[in-house]
Each structure stands twice: as C-alpha cells, then as structure tokens.
Amino acid sequence: MTQPAILRTDERRFMELALEMAMRATIETSPNPKVGCVIVKDGNVIGRGWTQPVGQAHAEVQALRDAVAQGHDVKGATAYVTLEPCSHFGRTPPCANALVQAGVARVVAAIEDANPQVAGRGFAILQQGGISVASASELGWQDIADTAREMNVGFFKRMETGKPWVRLKVAASLDGKTALSNGQSQWITGAEARQDGHQWRARADAILTGIGTVIADNPALTVRGVHTPRQPKKVVLDPQLRIDPDAQLFNDAEVLIVCAQKNAEKQAALISRRAEVICLPDSQGRVDLPALMQELGRRQFNEVHVEAGAILNGALMTANCVDELLIYLAPKLLGSGAGLFSLPTFTHVDQAQQLAIHEMTTVGDDIRILARCRKSK
C-alpha cells in the first residue's frame, strides 16, 4: 500500500465521520466487528453506512446503497472505512468485491482486519481491482488506527487469541466494600452509575456470574433502561449444579450453566427450563476458567461482562482471565463488609495484581474507572 501523492486537508474529518458511523453499530453487530463507512466524491459525502445486524449488509455495502439511493454515481469516489473491507464469503458476500464492482477509485481504511480470513486479503483484492489503498497509519493517523481497534477490542482479542475480551464490573464504596456485613447492597452507587452499567451490559455478548450471586440476589441479568435489539447470553458458573430451576434468570431467555460435576437429574430439570449445561472441570473439581474462556470464544462471543461476587472475581483475576475492570466508586465509607475480590494472601507487594488506569470519569456523584490488567491473557 502506498500513500497517494496528494491528500485532501479534510480527509481526516471523513475518517472521523466513519468512526462516528461505526459507533451506531455498538450493540447489534456481534460477532461481526463494528464498522463505519463514508463515500466521498469531489470533496462531498455522498453515502454513509455502518454494519447492520449479523447476516445483513456490512458498512461498505450500506454506504454504497445510500449513495445510489440519493442518486449519486460512486465511480471514482473514495471510501473511508474503519476496518479493512472483508474478502471472504461468510453470511454476506465480500465487501472488497462490492467496492471494486462499484468502481470506487480509492479506499482509506483505519486498520487492517485481524480475522485470518481477511488480514490483508481485502486490501489485495482492492489493489488487484485497480483501487488505490491507504491505511490510517500510512497517513500518520496512528490515533485513528488506535481508536478503530479500541472500538472493536473484543473482536480483535477473539481473532488473535480465540478468547473474548472479559470486562469485570464492580461497584463499591471508597473503602472498597460492595455490601454491608449484613449483606445489604442496594444501593451503594447512584442511579446514573447503575444506568451506565446497563449500557456496558448492552454492548456485551454474554453476562457471566456465579452461583453465589444467583442464590443471594436472584438477579434477572438483563439489560434494562437501554434500547437494545438483543439481550446478552446469560452464563452461570455453578460447579455442583445448585441453581434453582425457578430462578428468575430463566424467565426470559436461554441460560448457559457451566458445571464441574455432572448430575443427570439436575441437568434434566435445567434443560426443561431451556438451559444448556456444559461440564468443564479442572483438576481440583472446580470450573476450568481458561477452558471456559476458550469455549466462549468458540461461540463467537467478543465481549463478556462479569457481574459476580468476591470469590468468582478473585478466581478470574488469579487465573488471568480478566482484561479490564469496570469500577464504580461511590463517595461513601461503609466500614466492615464484603470486599471486591477474594485473592490469595500475598507476602510481598510485588505479587500484587498489576493494573493500568485506562480511563477515569465521573458518572453522577460516582467515579467510573476503567483499569486494564497488565497480566491478562
């Protein structure tokens, strides 16, 4: 790929607009990545598009259709797209071929696709079709490339490792308590933080919790107060199959139960509630957490949202199965009570879990922190 000799001064603005288009696809595209595209001709935007729900048109095809619907001729135009156009036949035909057939003269892509079925092949098809290709990094827009990758952090993680991006959400007081000693926890954080948490739930492919949380709280594990065309898959870690078949999380969707010990009678009762039960034991009779992450990746989950108690939180952290912590801190001190993580006893500070603050902001009266795990796999 070679950089064109002359670049329009407003090219970056067109790519930023494509990123805005991609944001419109945040909830409904998985397992496909979120992609935005704008078609530009003679310095004017003539078509816009973003990835539609799985099985429907991708961003490039949507943008081409939009341009044609408005009466524009796309021949000789430039397409600005946030990810390398796909080159393989999946649920839809290749977008790279569609751009060639449409007569587009140039494609500027924010980043190369990590999917091994694409990874450079989309660019090759474009170039073989006579289309000039440029990437954001070639144009000096490394921040654009970083933003495009960040937008699809789960997709890239799954393509590169076979596992989903795991985001663990906790809400606590400033002294790190998630509940009082009597178990009361509603509500530590404010309404704005709770609503924000549902936004994060909505973008995930699965919500993961443990049997302790199900028994203690009987949660619905649904997205509420946020418009969403689909609910994330519910996944419950229940090593001994202690879950009550009448738990409310079975009321509105299929549930994946992950156990470590088989029990035909209990499994039959759960299956009657539309649950799927899989057994993934480790050598100590617990659920094999790394194997579970591999299984969730096999099911094409890009992002997994964890809302659990201190025991499962600690186990996931210890097993290096967490990529990011989503932490809400309320300006309160609760004194004695439940903590965030049940971790092994450390004898030296160097043994501590290493985190990097990725983002910090206020949500209502509370603080929201995104912290990335340095040792996650």
Side-chain angles (χ1 to χ4, degrees), residues 25-32 34 52-56 90-91 154-155 157-158 162-169 197-281 286-309 312 316 321:
T26 295
I27 294 177
E28 59 188 14
T29 66
S30 195
N32 293 332
K34 300 176 280 289
Q52 299 301 295
V54 64
Q56 299 181 36
R91 299 179 180 89
F155 174 79
K157 168 88 183 291
R158 181 169 66 86
K163 300 178 182 180
W165 181 267
V166 178
R167 183 178 294 110
L168 193 158
K169 178 252 183 179
H198 279 275
Q199 293 280 359
W200 289 94
R201 275 190 183 187
R203 65 176 282 170
D205 301 302
I207 299 178
L208 173 66
T209 195
I211 184 60
T213 297
V214 174
I215 291 175
D217 301 335
N218 192 23
L221 292 185
T222 55
V223 175
R224 299 183 296 279
V226 176
H227 173 70
T228 176
R230 57 102 173 120
Q231 289 284 341
K233 182 82 171 183
K234 302 175 186 181
V235 182
V236 179
L237 269 63
D238 185 7
Q240 285 81 44
L241 292 178
R242 294 189 291 148
I243 194 167
D244 184 348
D246 292 325
Q248 73 164 332
L249 58 82
F250 293 110
N251 291 343
D252 56 6
E254 295 180 0
V255 180
L256 176 63
I257 307 293
V258 187
C259 68
Q261 299 177 12
K262 295 182 178 179
N263 184 310
E265 181 179 351
K266 289 184 178 180
Q267 286 180 233
L270 294 171
I271 291 171
S272 71
R273 292 286 287 170
R274 298 189 302 159
E276 178 186 0
V277 182
I278 62 173
C279 196
L280 294 175
R286 298 174 297 198
V287 171
D288 187 327
L289 296 176
L292 171 60
M293 296 309 155
Q294 203 72 49
E295 172 64 18
L296 296 180
R298 187 189 68 79
R299 292 173 183 245
Q300 296 189 305
F301 294 160
N302 289 332
E303 293 187 14
V304 173
H305 180 92
V306 180
E307 292 194 24
L312 180 53
L316 288 166
C321 288

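Remember, predicted model here, so these are calculated numbers, not experimental data. As a basis for the values below, the full set of heavy atoms in this structure was taken, side chains included, without hydrogen atoms, waters or symmetry mates.
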CG (Leu249) and CG (Asn218) are apart, to the nearest 0.5 Å, by 7.0 Å
Work out which heavy atom in Arg242 is nearest to a heavy atom in Ile211; give both atom names and the distance.
-> NH2-CG2, 3.4 Å
Leu168 side, atom CG; Leu208 side, atom CG - distance, nearest 0.5 Å = 8.5 Å
First locate atom NZ of Lys266, then atom CD of Gln240, and finally report the distance between them rounded to the nearest 0.5 Å.
-> 8.0 Å
Within the distance-only criterion (no hydrogens, no angle test), does the side chain of Gln267 pair as donor or acceptor with the backbone N or O of Asn263 below 3.5 angstrom?
-> yes
What distance do Asp238 atom CG and Thr209 atom OG1 have between them, rounded to the nearest 0.5 Å?
-> 11.0 Å
Is any side-chain heavy atom of Glu303 less than 4.5 Å from a side-chain heavy atom of Lys157?
-> no
Value rounded to 0.5 Å, distance of CD in Glu28 from OG1 in Thr228 | 8.0 Å
Is there side-chain contact between Ile207 and Lys234, with at least one heavy-atom pair below 4.5 Å?
-> no
List the atom of Val226, the atom of Ala202, and the distance in Å for their closest heavy-atom pair.
-> CG1-CB, 4.0 Å
State, to 0.1 Å, how close Gly210 and Ala308 come at their nearest heavy-atom pair, and which atoms those are.
-> N-CB, 4.2 Å
Given side chains that start at C-beta, do those of Lys163 and Val304 come closer than 4.5 Å, heavy atoms only?
-> no
Looking only at non-hydrogen atoms, find the nearest pair between Pro219 and Thr213 and report the distance.
-> CD-O, 3.7 Å
Decide yes or no for Pro31 and Arg158: does some side-chain heavy atom of the first lie under 4.5 Å from some side-chain heavy atom of the second?
-> yes
Is there side-chain contact between Leu221 and Val255, with heavy atoms separated by less than 4.5 Å?
-> no
Hey, are the side chains of Arg167 and Arg203 touching, using non-hydrogen atoms and a 4.5 Å cut-off?
-> yes
May I ask you to test the Gln199-Thr26 pair for a side-chain heavy-atom distance under 4.5 Å?
-> no
Quick one: are Cys321 and Val166 in side-chain contact, heavy atoms under 4.5 Å?
-> no
Checking side-chain contact (heavy atoms from CB on, under 4.5 Å) for the pair Phe250/Leu270: CA distance, chi angles, key distance, verdict?
-> CA-CA 9 Å; Phe250 293 110; Leu270 294 171; 3.8 Å; yes
Can you tell me how far the CD atom of Gln56 sits from the CG atom of Asn32, to the nearest 0.5 Å?
-> 11.0 Å
Any donor and acceptor pair, going by atom type alone, linking the side chain of Gln261 with main-chain N or O of Pro239 inside 3.5 Å?
-> no
Taking every non-hydrogen atom, the tightest pair across Leu316 and Met293 = CD2-CE, 3.7 Å
Search all heavy atoms of Pro164 against all heavy atoms of Gly297 and return the closest pair with its distance.
-> CD-N, 3.7 Å
List the steps and the verdict of side-chain contact (heavy atoms from CB on, under 4.5 Å) for Ile27 and Val223.
-> CA-CA 11 Å; Ile27 294 177; Val223 175; over 6 Å; no
Residue from Arg230, Lys233, Arg299 passing salt bridge (charged side-chain N to carboxylate O under 4.0 Å, His left out) with Asp205 | Arg230
